[in-house]
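The first residue in the sequence is number 1, and the count goes up from there.
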Amino acid sequence: MLIKKILIVIVFITCSGFSQVEDTTYSLTTEIGLGYSRYFTTMDYSDLNKSGFFGTLRIMWNPEHLLSIGLETGYQYLYSIDVKNIQTEFGTSNFSASMVSVPIFIAIAMKLTPNIKLIGGSGTYLLFNNGNLFGDELKSSQISIGAHAGIAYVHPLTDLISIGGELQYSYYSKIQDQCSSVCISL
């Protein structure tokens with residue numbers, strides 16, 4: 001009986017402790033971006049395709065201050081190569097390889113104006129490699145520490161939806177290469 005009364009008091013205090021007025025001093029936003037990426041590398045192959053798809057998903061906590069913090073992930077195509085009839089000491093073969101990355105980052109953003117913000121992040125890149133040589137499929141993955149920095153422009157369409165663009169530069173420490181990307185974001 002005493003436990004029941006204590007639970008009723010706790011529920012009453014909990015319910016009365018939260019007001020029904022909406023607090024507008026902070027917000028939680030989800031940003032989705034899709035676009036183009038260009039890989040910069042020291043690999044010197046004429047058949048190397050360094051252009052590809054870029055996608056990002058960012059969840060940011062925006063307090064009343066100019067700085068925001070959140071989590072970011074996505075997909076970034078780095079490169080692919082497809083070479084036919086390679087002559088080796090073991091015979092002739094076709095060769096193909098590709099690499100994509102998936103970032104898992106802590107992201108920080110700072111508003112410069114109501115529509116322009118600087119974005120940066122650091123964390124881990126998951127690098128996925130696929131290849132084929134002499135008919136054998138090769139798959140590997142590795143982890144790289146990395147970072148990115150960028151600038152974004154956002155134009156509000158409604159109170160809940162905005163559209164914009166972002167220019168971003170990424171660095172991968174494991175492979176010591178860079179990538180830049182441009183995307184349209186919601």
* **Validation row: T73, V102 side chains within 4.5 angstrom (heavy atoms)** => yes
* To do: Would you check if Y79 and N49 make a side-chain contact, meaning some heavy-atom pair closer than 4.5 Å?
  => no
* Student check: side-chain heavy atoms of Q168 and C183 closer than 4.5 Å -> no
* To do: Ignoring hydrogens and angles, state whether a donor on the side chain of S181 or Y36 is under 3.5 Å from an acceptor on the partner side chain.
  => no
* Asked: Taking the side chain as C-beta and beyond, is there a heavy-atom pair between R58 and I119 under 4.5 Å?
  -> yes
* To do: Taking atom types as modelled, find out whether R38 and S180 have a side-chain donor-acceptor pair closer than 3.5 angstrom.
  => no
* Asked: Looking at side-chain heavy atoms only, is the closest gap between N94 and N85 below 4.5 Å?
  -> yes
* Asked: What about Y171 and H148, are their ring centers closer than 6.0 Å?
  -> no
* Would you say the side-chain atoms of T56 and E31 include a donor-acceptor pair closer than 3.5 Å? -> no
* In Å and rounded to the nearest 0.5 Å, what is the CG to NE2 distance from L157 to H155? -> 6.0 Å
* Asked: When you check the side-chain N and O atoms of Y39 and D177, is any donor under 3.5 Å from an acceptor?
  -> yes
* To do: Measure centre to centre between the rings of Y172 and Y125, then say whether the value is under 6.0 Å.
  => yes
* Asked: Within a radius of less than 6.0 Å around CD1 of I184, do more than 12 heavy atoms belonging to other residues, nucleotides or ligands occur?
  -> no
* Measure the OG-CZ distance between S98 and F128 for me, rounded to the nearest 0.5 Å. => 12.0 Å
* Taking a hydrophobic cluster as the set of Ile, Leu, Val, Met, Phe, Trp and Tyr residues connected by side-chain heavy atoms closer than 4.5 Å, whether directly or through intermediates, do Y77 and I104 fall within one such cluster? -> yes
* Asked: Any sub-3.5 Å donor-acceptor pair from N115's side-chain atoms to V154's backbone N or O?
  -> yes
* **Pairwise side chain to side chain donor-acceptor pair (under 3.5 Å) hits with a residue in residues 135-146, at least two apart** => N129-S140
* Heavy-atom distance under 4.5 Å between the side chains of L127 and L78, does that happen here? -> yes
* T92: what forms a side chain to side chain donor-acceptor pair (under 3.5 Å) with it, not counting sequence neighbours? -> Q87
* Under 6.0 Å from the CD1 atom of I143, do we count more than 12 heavy atoms belonging to anything else shown? -> no
* Asked: Say you draw a straight line from CD1 of I106 to OG1 of T124; how long is it, rounded to the nearest 0.5 Å?
  -> 10.0 Å
* To do: Mind listing the closest non-hydrogen atom pair of S173 and I145 along with its distance?
  => OG-O, 2.7 Å
* **Side chains of T30 and L57 in contact at under 4.5 Å (non-hydrogen atoms)** => yes
* Side chains of F53 and L34: closer than 4.5 Å at any heavy-atom pair? -> yes
